[in-house]
Amino acid sequence: MSPLNNILLLAAGFSPLVAAVNHVVVVGKDGLVFNPPDLKANLGDTLEFRFWAKNHSVVQGNWQTACQPHEDGFFSGFVPQADETKPNGQVFKITLEDTDPKVFYCSQGMHCKNGMVGVINGLGNRTFNAYKSLAAEVTSVGNPSGGVKGGSFEALQANPAPTTTGSSGDGAGGADSTQTTGAGGNTQQTGSGSTTPPGSGAGSFGVSLGALAAAGAFAVALSF
């Protein structure tokens, strides 16, 4: 086999590592909303919910009955925050074990009915706007039985990596955009497209090419 064929075979089998992304969701800072309310996330990604005043929750809902909990879904419990100038010092984090469409809402009072809902990986008729419309028609909002489940609380990091990706293909907030979230959940628009996880991008692409070149050189040496 020629050296060129060896290199091509190595390239065909080469699969770069993809880092998981942490998506920050700000809860209640700008009124009865999650920000961003419409996310796209991959298997293994995490969602980090940051709670602002006054007292909110995050409940995984079901698509059949708006503002009612999913039987096996996540629940943060209620997270009070008296200081309106900063978020609670604890964040609620979940890890995505699949990429199926999911919906979540706040179960405080009638917050869900008033539009405090969000969607992960909306698809087809399971979208942010569709669920928000259903929620507006409900007469009651449900809370899961028991305590916190499906996730865990961690201390808020002062300077998290810029890994939040907002998506709004259903019209939730304009064109797709990347948002860098700093301390306290403040967001800054940085352009369109998807987030580049830490350790990826040009730097890691160069490393990948270097590794491929080294493997190719080894294959050439073996062929002689």
What are the two closest heavy atoms between [X] and [Y], and how far apart are they?
X	Y	result
Asp100	Asp98	N-OD1, 3.0 Å
Leu156	Glu48	CD1-OE2, 4.2 Å
Tyr105	Gly61	CE2-CA, 3.7 Å
Thr99	Ala41	CG2-O, 4.0 Å
Pro37	Phe128	CB-CE1, 3.5 Å
His111	Cys106	ND1-SG, 3.5 Å

Transitively linked via ILVMFWY side-chain contacts under 4.5 Å: [X] with [Y]?
X	Y	value
Phe49	Leu32	yes
Val138	Met116	no
Val148	Ile94	yes
Trp63	Val59	yes

Worksheet item: Given Cys112 and Cys67, is the disulfide bond (SG atoms under 2.5 Å apart) satisfied, shown in steps?
Response: CA-CA 6 Å; Cys112 179; Cys67 302; 2.0 Å; yes
Under the 3.5 angstrom rule, does the side chain of [X] hit a backbone N or O of [Y] as a donor-acceptor pair?
X	Y	answer
Lys102	Leu96	no
Lys113	Ala136	yes
Thr127	Ala130	yes
Gln108	Asn55	yes

Discussion item. Checking His56 against Val79 for the side chain to side chain contact (heavy atoms under 4.5 Å, CB included) test, could you report, in this order, the C-alpha distance in whole Å, the side-chain angles of both residues, the deciding distance, and whether it holds?
Written reply: CA-CA 6 Å; His56 299 286; Val79 184; over 6 Å; no
Worksheet item: Quick one: CG on Asn121 to CG on Asp38, what's the gap to the nearest 0.5 Å?
Response: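 Atom-to-atom, Asn121:CG and Asp38:CG are 9.0 Å apart.
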Worksheet item: So how far is it from Tyr131 OH to Asn62 CG, rounded to the nearest 0.5 Å?
Response: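 Output value for this atom pair is 6.0 Å.
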Could you tell me whether the side chain of [Y] reaches within less than 4.5 Å of the side chain of [X], counting heavy atoms only?
X	Y	value
Lys86	Gln81	yes
Pro80	Phe51	no
Asn42	Val21	no

Could you tell me how the ring of [X] sits relative to the ring of [Y]: parallel (under 30°), tilted (30 to 60°) or perpendicular (over 60°)?
X	Y	answer
Phe153	Phe92	tilted
Phe104	Phe74	tilted
Phe75	Phe78	perpendicular

Practice prompt. Could you walk me through whether Val58 and Phe34 pass the side chain to side chain contact (heavy atoms under 4.5 Å, CB included) test, one step at a time?
Written response: CA-CA 10 Å; Val58 177; Phe34 294 98; 3.8 Å; yes
Discussion item. Assess the residue pair Asn22 and Thr46 against the criterion (side-chain hydrogen bond (donor to acceptor under 3.5 Å, both in side chains)); give the C-alpha distance rounded to whole Å, side-chain angles, the decisive distance to 0.1 Å, and a yes or no.
Written reply: CA-CA 5 Å; Asn22 182 53; Thr46 55; 2.7 Å; yes
Worksheet item: Could you walk me through whether Asn35 and Trp52 pass the side chain to side chain contact (heavy atoms under 4.5 Å, CB included) check?
Response: CA-CA 11 Å; Asn35 185 27; Trp52 287 71; over 6 Å; no
Discussion item. Apply side-chain hydrogen bond (donor to acceptor under 3.5 Å, both in side chains) to residues Ser57 and Ser107 and explain how you reach the verdict.
Written reply: CA-CA 6 Å; Ser57 69; Ser107 59; 2.7 Å; yes
Item to complete: Evaluate the criterion side chain to side chain contact (heavy atoms under 4.5 Å, CB included) for residue pair Val103 and Arg126; output intermediate values, then yes/no.
Response: CA-CA 9 Å; Val103 66; Arg126 295 185 169 188; over 6 Å; no
Worksheet entry | Residues Thr85, Asp83; criterion side-chain hydrogen bond (donor to acceptor under 3.5 Å, both in side chains); working and verdict | CA-CA 6 Å; Thr85 67; Asp83 190 340; 2.6 Å; yes
